[in-house]
Peer 1: 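Structure provided below as structure tokens; questions to follow.
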Amino acid sequence: MFEVLDRNCLFQQLRLLPDKKLLFGVLLACLLFNCNASTSATPLSHYFQESWTTRDGLPHNTVNSISQSADGYLWLATWEGAARFNGRVFEVFGRGATTGLPDSGIRTLAKDSQGNIVLAGARGGISKQTVDGWHNWPAFSALINAVVIEDDDATLWLASEGQGLFQQRPDGSRKQFTTEQGLGSDVVHSLLKDKTGRLWIGTGRGLAWLKPDKAPLKIHNVEGLPAVPVFALRQYGDDVLIGTERGLFIFSHGKAQLLSADLANLPVSAILVQDKHIWIGSTDRGLLRFSERGVETLSMTGGLPNNRILSLYLDREKSLWVGTNGGLFRLRDAPFVTYTAESGLAGDYVRAVLAHSDGSVWVGTSQGLSQGSETGFETINLAPASSGQSILSLAEDKDGAVWVGTYTDGALRYHNGVITDKYDRATGLLANEVRAILPDNKEGIWIGTGQGLNFIGPDGIRSFGKAEGLPTPFVMALYQHHDGRLFIGTGGGVAIMQTEGSMTALDFSNLDGAEYAFGFVASPEDDILWMTTDRGLVAYDLQSGQTQIIGRKAGLPFDKVFQTVVDNDHNLWLSSNRGILRLERTQVMQFLAGTRDTVDYELFGESDGMQSAQANGGSMQAATMAADGSVLFATSKGLSIVKPADLNRFSINTPPVVIEGLHVDGAATALQQGLHLPAGTERLELQFAGLGYIMPQRMQYSTQLIGFDTDWVTRGNNATAEYTNLPPGEYDFLVRAAYPRGDWSENVASFRFVISPYYWQRPGFWLTFIVVTLLLAGFTLRWRLTVLHRREQELLRQVAEKTLELQQQTDYLRAIDKERSTLLEQIKSQAQEFELQARRDALTGLANRRAFDESLGRECARARRTKMPLCLVLLDIDHFKRVNDTFSHSVGDEILKMVADVILRHCREADTVARWGGEEFALLLPDTSLKAAVDICERIRHAVMKIDCSAFSEDLHITASMGIASFADEEQHEKLLSRSDSALYRAKQGGRNRVAS
């Protein structure tokens with residue numbers, strides 16, 4: 001997103017900068033004042049920093065080597081194994097049968113021509129991971145410091161600690177080179193094969209080289225270098241960079257010399273070349289970059305975990321990974337840039353920001369006012385008129401003067417370097433707390449305070465409060481339309497003052513209980529005034545006066561939004577306490593038109609370059625747009641700036657995607673293509689990961705199970721897919737990944753599996769069964785007809801002889817008929833019992849999924865008809881898998897029954913309680929408001945916590961998470977289920993053992 005200064009202009013300015021604040025001034029000029037673009041490097045201080053340690057899953061904080069395999073995984077060599085990183089979690093590979101390594105200490109990583117990772121390290125172990133598994137070589141008797149792999153015949157060259165250089169041939173033969181063959185030392189630290197095929201060897205006492213394709217192999221020592229360790233080697237165009245204990249050298253045109261006097265005596269431990277810029281890792285001075293800017297340094301004081309650098313790597317997304325003695329560190333571009341007091345602001349807590357017509361940026365903080373220009377930020381001294389210098393609001397007057405609203409000292413007018421006017425309670429303002437300032441369309445100035453609204457005009461100061469029509473006197477925002485209407489945002493809603501002076505309150509009764517109106521911004525192309533409130537974004541039609549709200553029901557993740565900015569593409573940016581939201585105009589307008597149920601959003605926070613995701617609001621302007629299209633936000637930790645036009649740059653990369661794990665009925669199962677699963681398999685869970693590292697937390701996924709799904713299923717950022725009760729058959733699971741606004745990965749990851757049928761589910765069984773049944777029915781019918789015929793003849797003979805016996809036979813037949821009736825009743829009773837069993841869960845006795853679906857459809861229809869409230873609750877037992885894994889499934893079954901009993905005790909007869917599946921339960925609460933449902937769920941949650949599990953274990957305690965959704969007259973009740981499931985997901989994400997609605 002950054003624009004870069006002209007190379008010569010920037011280089012000259014950098015050399016003249018006396019301190020860090022001026023450096024940030026140049027950076028601000030790059031961002032806001034449109035310096036000419038060139039190939040200059042992004043300033044080192046402008047990169048977004050992230051770090052990982054053992055607390056985040058690293059096996060060891062010393063990262064010796066970094067590489068990226070062909071499939072996209074990032075590999076890290078540590079002294080406690082090689083860690084494979086997918087952007088979210090680390091998977092560790094150490095010694096043992098899997099890798100064949102004799103020790104977990106990994107010193108170096110290398111890649112073969114297919115992109116497979118080779119591990120080498122302690123005790124001379126070498127192993128390679130391929131799609132077919134791990135392959136290893138017989139171990140050497142020394143630590144391996146570096147590996148070079150010949151592309152043509154896979155010959156390995158290995159640098160050892162104390163035993164010189166080894167050549168490992170594909171046939172298993174080995175050759176050793178030591179000081180006897182001409183090496184300067186038997187300690188070899190680094191290796192490099194250059195463009196010409198020459199193998200460079202960095203030893204403990206200088207540099208040597210040989211030509212692997214020339215026999216006999218002869219070692220040549222390089223002159224002109226100090227006899228010190230050579231820790232790093234790197235190709236640099238046609239030359240070779242040499243990192244030594246006493247500086248960075250370059251071998252060019254047959255001789256070695258110091259690259260720059262600025263790099264003399266620098267202990268170089270790692271080198272990386274990016275374009276013409278050189279990244280340098282040192283043993284004790286942190287990370288350096290050598291470019292047209294000169295030498296820039298980043299050390300522990302600037303955020304580096306440790307000043308000892310062991311490895312550098314540039315991944316496919318152009319992120320720089322740094323392996324240190326204190327953990328893994330990354331520098332990358334981020335969508336947002338944040339300026340703080342360290343950058344020259346008067347304070348970190350920013351409340352208001354003004355993009356002035358002259359191109360400058362004015363920033364109001366809790367500790368004073370700053371003006372940003374091409375020379376950086378300058379603090380404006382307001383002490384003559386403001387003792388506190390705590391700024392709440394800013395506005396530009398028609399002549400370019402800046403109006404400054406303070407927290408305790410009223411309103412100040414600042415022009416041409418002096419304070420020309422001051423208004424406070426002593427001069428007629430209702431309060432000294434000035435939260436909103438707006439120059440009138442004609443003349444005068446509107447000032448909103450904590451105690452009401454003032455107008456300063458030619459006739460003096462006028463005041464407006466509740467008596468004049470304000471909903472509350474707490475005024476936070478002002479907007480005047482071109483027709484003269486004045487919109488006033490208060491703590492109790494919005495008031496509109498007409499041109500003749502009358503004031504009416506805007507009806508907020510249909511806006512989900514909204515009260516606070518924090519800010520206004522108009523969209524002239526849509527004739528809409530956007531109002532930010534404590535219940536979401538309100539769209540006010542400036543012609544009809546109709547209002548609509550975009551809030552939780554529209555899909556927004558939270559209620560309160562402070563300020564809206566409409567960018568040059570007419571998309572909406574919303575500030576909040578929990579980050580910055582971006583909404584696409586097309587979706588917003590579709591929602592307002594009723595053709596779309598929800599609005600998608602992007603949420604930006606600390607991982608996107610903000611120092612704090614907490615934006616500030618309650619005064620104007622809390623956000624604005626600069627002349628170059630940049631959007632500026634006031635936050636609790638500085639001024640955060642994003643350039644919307646550059647966001648697509650962060651979506652250019654299409655991440656590869658891999659399937660990482662499979663759980664069958666809760667048990668981890670090895671991923672094998674064509675896997676045959678047994679009959680009766682009920683639950684499958686597949687885990688996958690998009691191997692992108694710029695914004696892994698915002699990676700989007702979609703899946704398709706061929707044989708079950710008819711189209712792709714959007715998973716959002718959920719990296720798992722779960723299927724239950726799949727019928728027998730062949731399936732092919734596909735998954736793809738993308739960054740927000742980016743393209744889906746072209747090469748989808750796939751996994752084929754087969755679910756075997758029971759014998760009675762096979763077609764042959766049913767064909768045989770039908771044939772046998774028909775034959776048996778035919779034989780039985782024929783036999784029965786024969787018997788009846790014989791009985792008829794016998795009865796005819798007996799009728800004439802024995803009337804009495806016929807009467808007895810009649811009585812006998814009546815008895816049989818009674819028995820038959822009794823039998824039919826028994827059969828009917830059994831059928832009813834079977835039907836009841838088909839609708840009940842066998843373990844808990846609760847309704848099952850089928851019965852619950854019927855009740856859900858029936859109750860939704862009733863709620864829609866009667867307009868009575870209806871709530872749906874999904875309950876999930878927290879960490880239930882641990883119960884099964886630790887105490888057995890029989891204990892888990894008892895826990896399920898106890899939880900089911902607790903739920904039933906807290907529900908009414910009219911409520912429907914069902915076992916949803918596994919450890920999940922569903923509750924349908926008719927005639928119940930959302931507040932009442934929350935109370936019921938809280939009682940259930942507390943009751944679950946009190947379940948006595950001491951019979952199984954004193955350490956076993958059960959908790960549950962619940963998600964509640966209120967019926968909103970949806971035509972399809974699946975949406976009610978989806979919203980309840982989303983609420984359950986938020987309860988889990990929020991820490992479990994909680995109720996979310």
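These numbers come from the heavy atoms of this one structure, side chains and all, not from hydrogens, waters or symmetry mates. Along the sequence shown, the residues carry numbers beginning at 1.
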Peer 1: Classify the ring geometry of Trp209 against Trp200: parallel below 30°, tilted from 30° to 60°, perpendicular beyond 60°.
Peer 2: tilted

Peer 1: Do Glu80 and Val92 have side chains that approach each other closer than 4.5 Å (heavy atoms only, starting at C-beta)?
Peer 2: no

Peer 1: Looking at CZ of Arg289 and CG of Leu298, how far apart are the two atoms once the value is rounded to the nearest 0.5 Å?
Peer 2: 10.5 Å

Peer 1: Once rounded to the nearest 0.5 Å, what's the spacing between atom CZ of Phe166 and atom OG1 of Thr178?
Peer 2: 9.0 Å

Peer 1: Just by modelled atom types, is the Gly690 backbone N or O under 3.5 Å from a matching donor or acceptor in the Tyr701 side chain?
Peer 2: yes

Peer 1: If we only count heavy atoms from C-beta on, is the Ser745 to Thr654 side-chain gap below 4.5 Å?
Peer 2: yes

Peer 1: Would you please say whether a donor-acceptor pair under 3.5 Å links the side chains of Glu161 and Asn145?
Peer 2: yes

Peer 1: Are Ile242 and Val222 side-chain neighbours, meaning at least one heavy-atom pair lies under 4.5 Å?
Peer 2: no

Peer 1: Regarding Thr340 and Gln611, is there a side-chain donor-to-acceptor distance under 3.5 Å anywhere?
Peer 2: no

Peer 1: Applying side-chain contact (heavy atoms from CB on, under 4.5 Å), can you list everything that pairs with Ser113, at least two apart in sequence or on another chain?
Peer 2: Asp151

Peer 1: Can you confirm whether the side chains of Arg169 and Thr155 place a donor and an acceptor under 3.5 Å from each other?
Peer 2: yes

Peer 1: Using a distance-only test with no angle check, is there a side-chain donor-acceptor pair under 3.5 angstrom linking Tyr73 and Gln129?
Peer 2: no

Peer 1: Would you find more than 12 non-hydrogen atoms of other residues, nucleotides or ligands less than 6.0 Å from Lys637 atom NZ?
Peer 2: no

Peer 1: Hey, what do you get for CG (Asp186) to CZ (Arg205), rounding to the nearest 0.5 Å?
Peer 2: 12.0 Å

Peer 1: Parallel, tilted or perpendicular for Phe177 and Trp157, by the 30°/60° rule?
Peer 2: tilted

Peer 1: If I compare all heavy atoms of Thr244 with all of Val228, which pair ends up nearest, and what's the gap?
Peer 2: CB-CG2, 4.0 Å

Peer 1: Please determine whether the number of non-hydrogen atoms from other residues, nucleotides or ligands lying under 6.0 Å from atom CZ of Arg882 exceeds 12.
Peer 2: no

Peer 1: Heavy atoms only: give me the nearest Gln68-Gly72 pair and the separation to one decimal.
Peer 2: NE2-O, 3.1 Å

Peer 1: Has Ser299 got a side-chain atom pairing as donor or acceptor with Gly286's backbone, closer than 3.5 angstrom?
Peer 2: no

Peer 1: What are the two closest heavy atoms between Val658 and Ala749, and how far apart are they?
Peer 2: CA-CB, 4.1 Å

Peer 1: Using a 3.5 Å distance criterion without hydrogens, assess whether the side chain of Asn884 forms a donor-acceptor pair with backbone atoms of Lys881.
Peer 2: no

Peer 1: Looking at Gln673, I want to see if its CD is surrounded by more than 12 non-hydrogen atoms of other residues, nucleotides or ligands under 6.0 Å.
Peer 2: yes

Peer 1: For a 4.5 angstrom cut-off between non-hydrogen side-chain atoms, does Val883 reach Leu956?
Peer 2: yes

Peer 1: Parallel under 30°, tilted from 30 to 60°, perpendicular over 60°: which one fits the rings of Phe90 and Phe85?
Peer 2: parallel

Peer 1: Does Phe251 reach the side chain of Leu225, with side-chain heavy atoms less than 4.5 Å apart?
Peer 2: no

Peer 1: Which heavy atom of Phe249 sits nearest a heavy atom of Pro226, and at what distance?
Peer 2: CZ-CD, 3.7 Å

Peer 1: Is Glu50 paired with Arg332 through a side-chain N to carboxylate O contact shorter than 4.0 Å?
Peer 2: yes

Peer 1: Are the side chains of Ile280 and Val295 in contact, using a 4.5 Å heavy-atom criterion?
Peer 2: no

Peer 1: May I ask you to test the Thr62-Thr78 pair for a side-chain heavy-atom distance under 4.5 Å?
Peer 2: no

Peer 1: Quick one: does Asn747's side chain have a donor or acceptor within less than 3.5 Å of a partner on Pro656's backbone?
Peer 2: no

Peer 1: Taking the ring of Phe93 and the ring of Trp134, is the distance between their centroids below 6.0 Å?
Peer 2: yes

Peer 1: How about Arg84: does its CZ atom have over 12 heavy atoms from other parts shown lying under 6.0 Å from it?
Peer 2: yes

Peer 1: To the nearest 0.5 Å, what is the distance between CD1 on Ile219 and CD on Glu180?
Peer 2: 11.0 Å

Peer 1: Nearest 0.5 Å, please: how far is CZ in Phe290 from CG in Leu259?
Peer 2: 5.0 Å

Peer 1: Just by distance, no angles: are the side chains of Asp955 and Ser953 close enough, under 3.5 Å, to form a donor-acceptor pair?
Peer 2: no

Peer 1: Are side-chain heavy atoms of Leu328 and Ile66 found at a separation under 4.5 Å?
Peer 2: yes

Peer 1: If we check side-chain contact (heavy atoms from CB on, under 4.5 Å) with Asn86, which of these qualifies: Gln687, Glu660, Glu91?
Peer 2: Glu660

Peer 1: With rounding to the nearest 0.5 Å, note down the distance linking OG in Ser311 to CZ in Arg107.
Peer 2: 8.5 Å

Peer 1: Where is the tightest heavy-atom contact between Ile201 and Leu207, given as atom of each residue plus distance?
Peer 2: O-CD1, 3.3 Å

Peer 1: Using atom types as modelled and distance alone, determine if a side-chain donor or acceptor of Ser160 lies under 3.5 Å from a backbone N or O of Leu143.
Peer 2: no

Peer 1: For Ala264 and Leu258, work out which heavy atoms get closest and say how close.
Peer 2: CB-CD2, 3.5 Å

Peer 1: Can you list every pair that meets salt bridge (Lys or Arg N to Asp or Glu O under 4.0 Å) and has a residue in residues 229-251, with sequence neighbours left out?
Peer 2: Lys195-Asp238

Peer 1: Is Arg715 close enough and on-axis enough to Phe688, meaning under 6.0 Å and within 45°, for cation-pi?
Peer 2: no

Peer 1: Is the count of non-hydrogen atoms from other residues, nucleotides or ligands lying under 6.0 Å from Lys318 atom NZ greater than 12?
Peer 2: no

Peer 1: Flag yes if more than 12 heavy atoms outside Arg198 fall under 6.0 Å of its CZ atom; otherwise flag no.
Peer 2: yes

Peer 1: Just by modelled atom types, is the Tyr693 backbone N or O under 3.5 Å from a matching donor or acceptor in the Arg330 side chain?
Peer 2: yes

